[in-house]
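Remarks on the structure that follows.
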2 protein chains.
Amino acid sequence: MATSQPPKRQKTSPFELIYWPGAPGRGEHVRLALEAAGASYTDTAFIENGMKLVLSHIDAKNLGDASNPPLLAPPILKHGDLLISQTSNILLYLGPRLGLVPKDDEDGIYKINELALTALDGLSNEAHDTHHPIANALYYEDQKPEAKKKSEDYIKMRLPKFLGYFERVLKGEASKGGEWLYGGEMTYADLVLFQCLDGVKFAFPKAMERLEKEGKFKGVFGLYERVKGTTKIKTYLESERRQTYSLGIYRHYPELDED
Amino acid sequence: MATSQPPKRQKTSPFELIYWPGAPGRGEHVRLALEAAGASYTDTAFIENGMKLVLSHIDAKNLGDASNPPLLAPPILKHGDLLISQTSNILLYLGPRLGLVPKDDEDGIYKINELALTALDGLSNEAHDTHHPIANALYYEDQKPEAKKKSEDYIKMRLPKFLGYFERVLKGEASKGGEWLYGGEMTYADLVLFQCLDGVKFAFPKAMERLEKEGKFKGVFGLYERVKGTTKIKTYLESERRQTYSLGIYRHYPELDED
């Protein structure tokens, strides 16, 4: 990636995160990357009319501009005149700029992107679908029996599958020691996995406590604590910028958790 | 991207697609990119013991190697000693190498990746979930009532949402004329959208026929025909390398389509 030489116009532009106010959601992955790097940024979660700004970007009448296609959904990153969406895509752009990808490893970015996409698939998108298996347009209350079935499968089959996969990644030689997912240092893939685990712990506390106690995924839970304990992330999590979970991707419905 | 100078060891390596034999599936997005560029490649769909080779890559005992983390699922691309997975990630790697991203447009890759991810979200992953809304581990026959509900929502709400979004992209100035999604020439995002539309047409022929006749998404259906008519893609689709849809991502259950 020619990321060592980003276009000059952008070098001094601030990073602007455009995401729904009110819950960490998918925007949290972008926040954690910016926070871990100590970057300065603006955030529509904390400005007046933030919601209005989000909506203007995804309005059906908004056709984008000469260089940016219109956008379907937040999170959106604005950097200079660049506007991009899709969580993993924003991280792909930010990673090299924030020092959150492996250095001197030209193909490393593809491995980090792969790991981030896999965490988002299994521990964010699928976790969301546990409470909305039938339709996003319906309330949870209108799809409760289906949500219960899906959650049972998620806890029994999917969650161990994905935790087991990341355990395998940490055991692999490419992790360079098993502390971080790839290359022996923290990358944005670790931040993504941390946030996914944090969300799933919120949604399914009993299942996650049991899985942690069983001891099969020590590497994964160790990575979770390791990310949580880094200075910048710790400071961020204790700050008011860290929002509480609400009716977003991760929801805690006790009836969906295991007994 | 420093993709103008890929590592030398890889310059003469063949591209190897590692994907389940038996259905186009997610591997088809990789095939279409390779075919559109006239690249030579190997494909586990058409070799002896192809299935065995796929399984060996994702085996729970496989921990990857010194530079590649283990992989969770195909499609997988092998190129020299590089092994990567995740459909959009493979395309991100191949795009610049195959001339399927905008030229002289440093940030163009992030727009192409964004468009590809959005098509895969709404027109591939969600289309898959219509027949498997509760659990991948169960048969369709074990989740038929839920599949019917999800399909109704998909046809009514989600499909028009995503088709409308891409129509908006084509109307936007960044498409440079509305023939292709971005920048006035065919990129791999167009190929991804083509394949997604083709799959959804197979799964929900009646709904798609109605939506096409209604005339609201002329740009999108026009792009579909445009990709289909390019020389290399046309030749490919008529070849034996183009597999027929089966019990994969896209399935045609008449009872899930509209009446």
Side-chain angles (χ1 to χ4, degrees), chain A residues 1-4 6-7 60 62-73 82 84-86 88-90 92-93 105-107 110-111 113-115 117-118 121-122 125 129 133-138 143 146 149-150 152-154 157-158 161-162 164-165 168-169 171-175 181-182, chain B residues 1-4 6-7 60 62-73 82 84-86 88-90 92-93 105-107 110-111 113-115 117-118 121-122 125 129 133-138 143 146 149-150 152-154 157-158 161-162 164-165 168-169 171-175 181-182:
Chain A
M1 321 263 295
T3 42
S4 50
N62 186 330
L63 299 179
D65 60 34
S67 63
N68 297 290
L71 303 162
L72 182 67
L82 179 75
I84 50 171
S85 69
Q86 284 281 359
S88 68
N89 187 48
I90 293 172
L92 188 80
Y93 176 83
D105 178 352
E106 195 180 0
D107 288 339
Y110 301 103
K111 294 157 195 176
N113 186 42
E114 163 187 298
L115 293 163
L117 283 162
T118 303
D121 274 357
N125 299 338
D129 292 349
I134 300 298
N136 273 323
L138 293 177
Q143 48 197 314
E146 295 91 349
K149 276 197 204 179
K150 185 148 189 110
E152 282 172 358
D153 177 77
Y154 188 71
M157 305 295 288
R158 305 299 288 175
K161 179 188 171 93
F162 283 93
Y165 169 68
R168 200 146 63 87
V169 171
K171 284 196 178 119
E173 208 186 327
S175 79
L181 291 172
Y182 181 78
Chain B
M1 323 261 298
T3 43
S4 47
N62 186 330
L63 299 179
D65 60 34
S67 63
N68 296 290
L71 303 162
L72 182 67
L82 179 75
I84 50 171
S85 69
Q86 284 281 359
S88 68
N89 189 46
I90 294 172
L92 188 79
Y93 177 83
D105 178 352
E106 196 181 358
D107 288 337
Y110 300 103
K111 293 158 195 174
N113 186 42
E114 163 188 297
L115 293 163
L117 283 162
T118 303
D121 274 356
N125 299 338
D129 292 349
I134 300 299
N136 273 323
L138 294 177
Q143 47 197 313
E146 296 91 347
K149 276 196 204 178
K150 187 148 188 108
E152 283 172 358
D153 177 77
Y154 188 71
M157 305 294 289
R158 306 298 288 175
K161 179 188 171 92
F162 283 92
Y165 168 68
R168 199 146 65 85
V169 170
K171 284 194 179 121
E173 208 186 328
S175 80
L181 290 173
Y182 180 77

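By convention in this document, chain letters (A, B, ...) are assigned in the order of the sequence lines, proteins followed by strands, and residues within each chain are numbered from 1. Just so it is clear, the model here is predicted, and its values are computed rather than measured.
Contacts of A:Glu146 classified as side-chain hydrogen bond (donor to acceptor under 3.5 Å, both in side chains), with partners at least two apart in sequence or in another chain: B:Lys149. Residues satisfying the side-chain hydrogen bond (donor to acceptor under 3.5 Å, both in side chains) criterion with B:Ser88, sequence neighbours excluded, are absent altogether.
Contact count versus chain B (heavy atoms, under 4.5 Å) is highest, among A:Asn89, A:Thr118, A:Asp153, for A:Asn89. No other option in A:Asn136, A:Asn125, A:Asp105 has as many heavy-atom pairs under 4.5 Å with chain B as A:Asn136. Comparing A:Gly172, A:Ala66, A:Gly122, A:Ala137 by how many heavy-atom pairs each has under 4.5 Å with chain B, the most go to A:Ala66. Your options are A:Lys171, A:Glu173, A:Arg158, and the one with the most heavy-atom pairs under 4.5 Å with chain B is A:Glu173. Chain A forms the most heavy-atom pairs under 4.5 Å with one residue out of B:Leu63, B:Asp121, B:Leu181, B:Asn62, and that residue is B:Leu63. Options A:Leu117, A:Val169, A:Asn113 differ in how many heavy-atom pairs under 4.5 Å they form with chain B, and the most are formed by A:Leu117. Each of B:Gly64, B:Ala135, B:Pro70 has some count of heavy-atom pairs under 4.5 Å with chain A, and the biggest count is that of B:Pro70.
At least one side-chain heavy atom of A:Ser67 sits less than 4.5 Å from a side-chain heavy atom of B:Lys111. At least one side-chain heavy atom of A:Gln143 sits less than 4.5 Å from a side-chain heavy atom of A:Pro133.
The OH atom of A:Tyr182 lies 10.0 Å from the CD atom of A:Glu114; values are rounded to the nearest 0.5 Å. A distance of 11.0 Å separates CD1 in B:Ile90 from OH in B:Tyr93, rounded to the nearest 0.5 Å.
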Determine, step by step, whether A:Gln86 and B:Leu115 satisfy the side-chain contact (heavy atoms from CB on, under 4.5 Å) criterion, reporting the C-alpha distance in whole Å, the side-chain angles of both residues, the deciding distance to 0.1 Å, and the verdict. CA-CA 9 Å; A:Gln86 284 281 359; B:Leu115 293 163; over 6 Å; no
Given side-chain contact (heavy atoms from CB on, under 4.5 Å), test B:Leu72 with A:Lys161 step by step and report yes or no. CA-CA 9 Å; B:Leu72 182 67; A:Lys161 179 188 171 93; 4.2 Å; yes
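Of the atoms belonging to A:Ser175, not a single heavy atom falls under 4.5 Å from chain B. Looking at A:Tyr154, neither its backbone nor its side chain comes within 4.5 Å of chain B, counting heavy atoms on both sides. Interface remark: A:Asn68 contributes backbone and side-chain atoms alike to the contact with chain B (heavy atom separation under 4.5 Å). With a 4.5 Å cut-off on non-hydrogen atoms, A:Leu71 touches chain B through its backbone and its side chain both.
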